Amino acid sequence: MDSGRNSFDRLLDVVRDIPAGRVASYGQVSAQVLGTTPRMVGFALSGLEQGTDVPWHRVINAAGRISLPQEDGAYAEQRARLEAEGVEFSTSDRIDFDAFGWL
DNA sequence: TCCATGACCGACT
DNA sequence: AAGTCGGCCATGG
């Protein structure tokens, strides 16, 4: 039974399915799991611990921007990981979904 | 047990 | 073209 597998965990599974070099928005991820919302995705990722196997850095907001304050250290880490996978940022720090979007 | 908040999104003005 | 408002589920005090 999947009682141990909440929507919370299913969302993380979807994130795990995002291939390297691609990105998905919170909305795209939540759309893969019925009964979940973009807000839940953000809440799920915020609860992750360091060293998790979930590629949380491949999840960005619908505007194609990293959904974290630039002053936060996690922002730089997320951006560095994405660039390491070949994802490019525009001059306005935006990612083009048409080129790097997963779905 | 109830209330408030959260790494958001879409529609409307 | 940009800013505002409500809604969705799970967690913590």
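In what follows, chains carry the letters A, B, and so on, assigned in the order in which the sequence lines appear, proteins first and then strands, with residues in each chain numbered from 1. Since this is a predicted model, take the numbers as computed values, not measurements.
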Practice task
Answer with base, sugar-phosphate or nothing: what part of the nucleic acid does A:Ser7 contact at a heavy-atom distance below 4.0 Å?
Solution key: sugar-phosphate
Problem - A:Arg16 atom CZ: more than 12 heavy-atom contacts under 6.0 Å - result: yes
Practice task
Select one nucleotide: of B:dC8, C:dT11, C:dC9, the one nearest the side-chain heavy atoms of A:Pro38.
Solution key: B:dC8
Practice task
Using the side chain to side chain donor-acceptor pair (under 3.5 Å) rule, pick out the option among A:Glu77, A:Gln78, A:Glu83 that qualifies with A:Arg81.
Solution key: A:Glu77
Handout entry: Distance in angstrom units between A:Arg65 CZ and B:dC9 C1', rounded
Key = 17 Å
Problem - CG/A:Asp98: more than 12 non-hydrogen atoms of other groups inside 6.0 Å - result: no
Problem - Closest nucleotide among B:dG10, C:dT11, B:dA7 to the A:Gln78 side chain - result: B:dA7
Practice task
Starting from P on B:dA7, measure out to CG on A:Leu12 and report it in whole angstrom.
Solution key: 16 Å
Exercise for the section: Let me know the distance between CG of A:Leu34 and C1' of C:dC8, rounded to the nearest Å. Expected result: 12 Å
Completion exercise
When rounded to whole Å, the CZ to P distance for the pair A:Arg79 and B:dA7 reads 21 Å
Handout entry: Atom-pair distance (CZ on A:Arg39; C1' on B:dT5), nearest Å
Key = 7 Å
Handout entry: Earlier contact from the 5' end, DNA chain B, for A:Asn61 and A:Phe43
Key = A:Phe43
Fill in the blank from the handout: A:Trp56 atom CH2 is separated from B:dG6 atom P, nearest whole Å, by 19 Å
Handout entry: cation_pi(A:Arg39, A:Tyr26) dist<6.0 Å, angle<=45
Key = no
Practice task
Report which part of the nucleic acid A:Gly35 touches: base, sugar-phosphate, or nothing (heavy-atom distance under 4.0 Å, all strands).
Solution key: sugar-phosphate
Exercise for the section: Kindly point out which of C:dC8, B:dC9, C:dA10 is positioned nearest to the side chain of A:Ser25? Expected result: B:dC9
Practice task
Can you figure out which of C:dA10, C:dC8, B:dC9 approaches the side chain of A:Thr37 most closely?
Solution key: C:dC8
Exercise for the section: Using the P atoms only, state how far B:dA7 lies from C:dG13, rounded to an integer number of Å. Expected result: 16 Å
Practice task
Identify which nucleotide among B:dA7, C:dG7, C:dC9 has an atom closest to any side-chain atom of A:Leu45, counting heavy atoms from C-beta outward.
Solution key: B:dA7
Exercise for the section: Answer with base, sugar-phosphate or nothing: what part of the nucleic acid does A:Ser46 contact at a heavy-atom distance below 4.0 Å? Expected result: base
Exercise for the section: Rounded to the nearest angstrom, tell me the gap between atom CD1 in A:Ile95 and atom P in B:dA7. Expected result: 19 Å
Problem - Worked verdict on A:Glu88 versus A:Ile95 for side chain to side chain contact (heavy atoms under 4.5 Å, CB included) - result: CA-CA 6 Å; A:Glu88 298 171 6; A:Ile95 297 175; over 6 Å; no
Exercise for the section: Calculate the interatomic distance between A:Asp9 atom CG and C:dC9 atom C1'; express it in whole Å. Expected result: 14 Å
